[in-house]
Structure formats: structure tokens, C-alpha cells
Visitor: 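The following block contains the structure, expressed as C-alpha cells.
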Amino acid sequence: MQIGFIGLGRMGGNMVRRLSKGGHQCHVYSNKPEEGTALAAETGAIAAANLGKLVAGLTAPRTVWLMVPAGKITQGVIDELSGLLSAGDTIIDGGNSNYRDSVARAATLAEKGLHFLDCGTSGGLFGLERGYSLMIGGDDAGVAAARPVFETLAPGVEAAPRLPVKDGGPLQPGEAGWLHCGKPGAGHYVKMVHNGIEYGIMQAFAEGFALFASANDPVVPKERSYSFDLPAIAEVWRRGSVVSSWLLDLGAEALAGGKGLADYSPRVADSGEGRWTLNAAIEQGVATPVIADALFARFTSHDDLGTANRFLSALRNKFGGHDGVPVKTG
Ligand SMILES: NC(=O)c1ccc[n+]([C@@H]2O[C@H](COP(=O)([O-])OP(=O)(O)OC[C@H]3O[C@@H](n4cnc5c(N)ncnc54)[C@H](O)[C@@H]3O)[C@@H](O)[C@H]2O)c1
Ligand SMILES: O=C(O)[C@H](O)[C@@H](O)[C@H](O)[C@H](O)COP(=O)(O)O
């Protein structure tokens, strides 16, 4: 089908490549014109110089996919786009937007007769080949309009073995790698929780490998002091272990390449999904201690001056005369 695509960076560029390969006619726009020109030359997409021209090049009812940074930029693009589109057209936000914003956007756009789909998109840089896991919120008509695009972007049923209970039967929801999760906001809600889980799994791997790295610390008695080969442990776990996974594969690759972990920053950033997951947990009264801990571990990594830890050392020193310099005990 024909689709407008806005945002041609790490995600959008590859999604246009996958869609073009799948036979869709993509009309593309990015605020960096060189991205559109290069992608058009590579894929046969049609690059537009601005949003007005992008919309003018599409036949109604139009479908336009956004893959731009969440927050103000997404809002700005939706505001401009909604003034250019007509009733019956569909806007899909595939970025990592806060589901609460998506609920509000769907309501505002519905007043103009526009469909709005919030589409949590997972798969990162590997989605081009592996496909993108898509979590969609919005009305049935919008989902029906964009269905061919979801079918092409998603990994497809063959990406995982079918469950024995379903094998041989008709495809069940989710099995194709895309899912209409519910009304507006539901897609970004599911993606938010997905990312909260992602934080927790990543944190558990990080903590485990940190233990391996310090198993030969001087505080450990010699007979229990081990010099572990971290890349080799990752390799052995990748084969048949209970924790084998794509995230472990990526961790193994990081450990094995270049200077290993020394190539990466000790400061860990976040894009907001973990914070929003905790907001939802607090609102719903659901305990999510692993996700909370994983988020706070990232915050701790930002504390360059170590204010909180220096404060702790200061208090220990004041009340007990304890040394303020870190000393490890057995
Ligand atoms: N990188 C990932 O692994 C990943 C995975 C899933 C979802 N996401 C989400 O997808 C979205 C895009 O992420 P990305 O990693 O591709 O980002 P990116 O920074 O690589 O690309 C952003 C694109 O948006 C364009 N853009 C920025 N402002 C614009 C504007 N005002 N008008 C038009 N185009 C504009 C940029 O020029 C660029 O082409 C974000 O919401 C992100 O959270 C990213
Ligand atoms: O499913 C995915 O493809 C990833 O989760 C993707 O969405 C992105 O890489 C994260 O948003 C990073 O999130 P943080 O910046 O919060 O770690």
C-alpha cells in the first residue's frame, strides 16, 4: 500500500527499507533532507521536501507513520500534520511515546475525524532483518487501514515456533508479531511495560557479570578467588542455558568485541519508559521492585559527584568516627 513515513533515523530508515522491499510505496520526510534523498535513491521511496508536499503526494484515505523522537517533537509533527490531513486519514505514532500522551492525542485527532494509532515498536537496529514486534492501540478502522503495513513490518508467525496447543490451527492474536492491544494508548502502554521488563532483565545480567568481574577481588580468600573469563561464560550460557536470550547474545557480542566493556560508558541513560512504568505501578498499586531497582540503578550511574554516597560516608564518619575512604571488608 501507499504510506507516508516521517522520521528516517535508526528506526524509520530501516522500516522504510523493509516496507519498500515488501512492495509498499513509501513517501518519506525527515527534517534532515539528506536522509530522505539517500533513502529515496536506495529504496525507490519518494522524498518530500516538507510535510505539506508529503501529504499532497498521498491519495486519500492516507496513512502516515511517525518515527521521530517522543515528546515535543512528536507533538509538533502531529499538530502540523493534523492541519494538512483530512477526515478518514490515519496517523500512526511508532515512537516510544508516553501512553498518556497517546490517549490525549487520539481524542484530539478524533474531533477532526482522524484515526490515531499508538504503535509500540520493538526490535531496534535488527528489525530490518528480524522484523518489528508491534503493539497497537486505537480504533478498529485505523488498524484495518494500516494492516498491510503491520503485516510487512512484523516478524511473522515463523519467527517463533508455534505453541503445540495452537499448531495447525488458524493464527491467533499476536502470533503474526503484531497485536491490536486495545483502545487508544493500549499499544504504548504494552510497549512501556515491555521496556520496564527490558530494564529488569538487563540489570540482572549486568549484576551477574559484575559479580564475575570481582570474584578475584583481594577481599576474597585465595581458595575461593576466581579469574573468570566473562566472554566465555556468556558464550556457554548462549547454548542451552535457561538464561539464553537475544539480550544475552548482544551482551556476549559486547564482551567479545574491541576493548570489551571498556568501550562503553558507565553512565546509563534512559528515555522515560521505566519512569512511566513506575508511575503506572504506583497508580495501580502494583509492586514492581525489580523494575524500580533497575531504573534507580541507572539514576545512580548518573551521580558523577557521588553526592548521596559521600553523604553516607560523612554521616558514618560523624556518628562513629568511621573512615570516609571506602574500605572493603571480608
Ligand atoms: N532506536 C531504537 O532502538 C528504538 C526502538 C524502538 C522505538 N524507538 C523510538 O522510535 C523513535 C525514533 O527513534 P530513532 O532511534 O530512529 O531516532 P533517531 O534520532 O535515529 O531518528 C529520528 C528521526 O526523526 C527525524 N526528526 C527529528 N525531528 C523531526 C521533525 N521535527 N520533523 C521530521 N523529522 C524529524 C530525524 O531527522 C531522524 O530522521 C523514537 O520515538 C524512539 O524512542 C527507538
Ligand atoms: O524494544 C526496543 O526496541 C527497545 O526497547 C527500544 O524501544 C529502545 O532501544 C529503548 O527505548 C531504549 O530505552 P531506554 O533509553 O529507556 O533504555
Visitor: Indicate yes or no for a side-chain donor-acceptor contact from Thr288 to the backbone of Ile291 under 3.5 Å, with no hydrogens or angles considered.
Guide: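 No; judged by distance alone, with no hydrogens or angles, the pair does not exist.
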Visitor: Please answer whether the main-chain N or O of Pro221 pairs with a side-chain N or O of Ser225 as donor and acceptor at a distance below 3.5 Å.
Guide: no
Visitor: Is there a chain of hydrophobic side chains (I, L, V, M, F, W, Y, each step under 4.5 Å between heavy atoms) that links Ile46 to Leu39?
Guide: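 Looking at the clustering, Leu39 is in a separate group from Ile46.
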Visitor: Verify the distance criterion only: is there a donor paired with an acceptor across the side chains of Asn317 and His322 at less than 3.5 Å?
Guide: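 No donor-acceptor contact under 3.5 Å links the two side chains.
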Visitor: Can Tyr132 and Trp65 be said to form a ring pair (Phe, Tyr, Trp, His ring centres under 6.0 Å), step by step?
Guide: CA-CA 14 Å; Tyr132 302 89; Trp65 190 300; 8.6 Å; no
Visitor: Would you say CD of Glu253 has more than 12 non-hydrogen atoms from neighbouring residues, nucleotides or ligands within 6.0 angstrom?
Guide: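 Open: at most 12 neighbouring heavy atoms sit under 6.0 Å from CD of Glu253.
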Visitor: Quick one: closest heavy-atom pair of Ala141 and His115, and the distance?
Guide: CB-CE1, 3.5 Å
Visitor: Once you measure the plane-to-plane angle for Phe205 and Phe209, does it fall in the parallel (<30°), tilted (30-60°) or perpendicular (>60°) bin?
Guide: tilted
Visitor: In the single-linkage hydrophobic clustering (I, L, V, M, F, W, Y; side-chain heavy atoms under 4.5 Å), do Met11 and Trp178 co-cluster?
Guide: yes
Visitor: Assess whether side chain to side chain contact (heavy atoms under 4.5 Å, CB included) is satisfied between Val64 and Ile92, documenting all intermediate values.
Guide: CA-CA 6 Å; Val64 182; Ile92 305 171; over 6 Å; no
Visitor: Would you check if Arg275 and Leu295 make a side-chain contact, meaning some heavy-atom pair closer than 4.5 Å?
Guide: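 Counting from C-beta outward, Arg275 and Leu295 do come under 4.5 Å.
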Visitor: So does Pro33 get a backbone contact from the side chain of Thr37, meaning a donor-acceptor N/O pair under 3.5 Å?
Guide: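 Such a contact is found between Thr37 side chain and Pro33 backbone.
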Visitor: Under a 3.5 Å distance rule, please check whether Ser214 uses its side chain to pair with a backbone N or O of Asp217 as donor and acceptor.
Guide: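 Answer holds: no.
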Visitor: I need the minimum non-hydrogen distance between Gly138 and Asp118, along with the two atoms involved.
Guide: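 In terms of heavy atoms, the two residues are closest at N-OD1, 4.2 Å.
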Visitor: Take Gln75 and Asp79 through the test side chain to side chain donor-acceptor pair (under 3.5 Å) and record every step on the way to the result.
Guide: CA-CA 6 Å; Gln75 188 60 53; Asp79 287 345; 2.9 Å; yes
Visitor: With the 4.5 Å side-chain cut-off for hydrophobic clustering, are Met1 and Met15 part of the same group?
Guide: yes
Visitor: Strictly distance-based, threshold 3.5 Å: is any side-chain N or O of His302 a donor or acceptor partner for the main-chain N or O of Val268?
Guide: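 Between the backbone of Val268 and the side chain of His302 there is a qualifying donor-acceptor contact (under 3.5 Å).
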Visitor: Go through it in stages, so that I can follow the logic: the residues are Leu8 and Met67, the test is side chain to side chain contact (heavy atoms under 4.5 Å, CB included), and I'd like the CA-CA distance, side-chain angles, deciding distance and then a yes or no.
Guide: CA-CA 7 Å; Leu8 310 173; Met67 214 61 201; over 6 Å; no
Visitor: Kindly determine whether Ser102 and Phe116 satisfy side chain to side chain contact (heavy atoms under 4.5 Å, CB included), including the steps that lead there.
Guide: CA-CA 8 Å; Ser102 301; Phe116 176 78; 3.9 Å; yes
Visitor: Tell me, yes or no, whether the heavy-atom count around Phe311 atom CZ, taken from other residues, nucleotides or ligands under 6.0 Å, exceeds 12.
Guide: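 Open: at most 12 neighbouring heavy atoms sit under 6.0 Å from CZ of Phe311.
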Visitor: Does Asp229 use its side chain to pair, donor to acceptor, with the backbone of Ile233 at less than 3.5 Å?
Guide: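 Side chain of Asp229 to backbone of Ile233, a donor-acceptor pair under 3.5 Å: no, none is there.
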Visitor: Does Arg310 CZ have over 12 foreign heavy atoms under 6.0 Å away?
Guide: no
Visitor: Classify the side-chain pair Ser86/Arg62 by whether it contains a donor and acceptor separated by less than 3.5 Å.
Guide: yes
Visitor: May I ask you to decide if Val220's main-chain N or O and Arg224's side chain share a donor-acceptor pair within less than 3.5 Å?
Guide: no
Visitor: Please report the interatomic distance CZ(Arg267) to CZ(Arg298), rounded to the nearest 0.5 Å.
Guide: 13.0 Å
Visitor: Does Phe228 belong to the same Ile/Leu/Val/Met/Phe/Trp/Tyr cluster as Val236, with side-chain heavy atoms less than 4.5 Å apart forming each link?
Guide: yes
Visitor: Donor-acceptor pair, Asn195 side chain versus Glu198 backbone, under 3.5 Å?
Guide: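 Not at all, since once roles are kept as given, no pair shorter than 3.5 Å links the two residues.
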Visitor: Is there a donor-acceptor contact under 3.5 Å from the side chain of Asn216 to the main chain of Ser227?
Guide: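 Absent.
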Visitor: Between Arg105 and Gly185 (side chain of the first, backbone of the second, donor and acceptor by atom type, cut-off under 3.5 Å), is there such a pair?
Guide: no
Visitor: Are the aromatic rings of Trp246 and Phe126 close, with centres under 6.0 Å apart?
Guide: yes
Visitor: Going by atom types only, do Asp101 and Ser97 share a side-chain donor-acceptor pair under 3.5 Å?
Guide: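 No, Ser97 and Asp101 have no side-chain donor paired with an acceptor closer than 3.5 Å.
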Visitor: Can you tell me if Thr121 and Lys191 form a side-chain donor-acceptor pair at under 3.5 Å?
Guide: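 Distance-only check fails for Thr121 and Lys191.
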Visitor: Crowded around Lys53 NZ? As in, over 12 foreign heavy atoms under 6.0 Å?
Guide: no
Visitor: Give the cluster check for Phe5 versus Phe150: same hydrophobic cluster or not, with ILVMFWY residues linked at side-chain heavy-atom distances below 4.5 Å.
Guide: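 They do share one cluster, since a chain of ILVMFWY contacts under 4.5 Å joins Phe5 to Phe150.
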Visitor: Please name the residue in the list Leu81, Ile6, Thr63 that meets the side-chain contact (heavy atoms from CB on, under 4.5 Å) test with Ile91.
Guide: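 For Ile91, the side-chain contact (heavy atoms from CB on, under 4.5 Å) check succeeds only for Leu81.
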Visitor: Do Val16 and Cys26 have side chains that approach each other closer than 4.5 Å (heavy atoms only, starting at C-beta)?
Guide: yes
Visitor: Assess whether a salt bridge exists between Glu129 and Arg17, defined as any Lys/Arg side-chain N lying under 4.0 Å from an Asp/Glu carboxylate O.
Guide: no
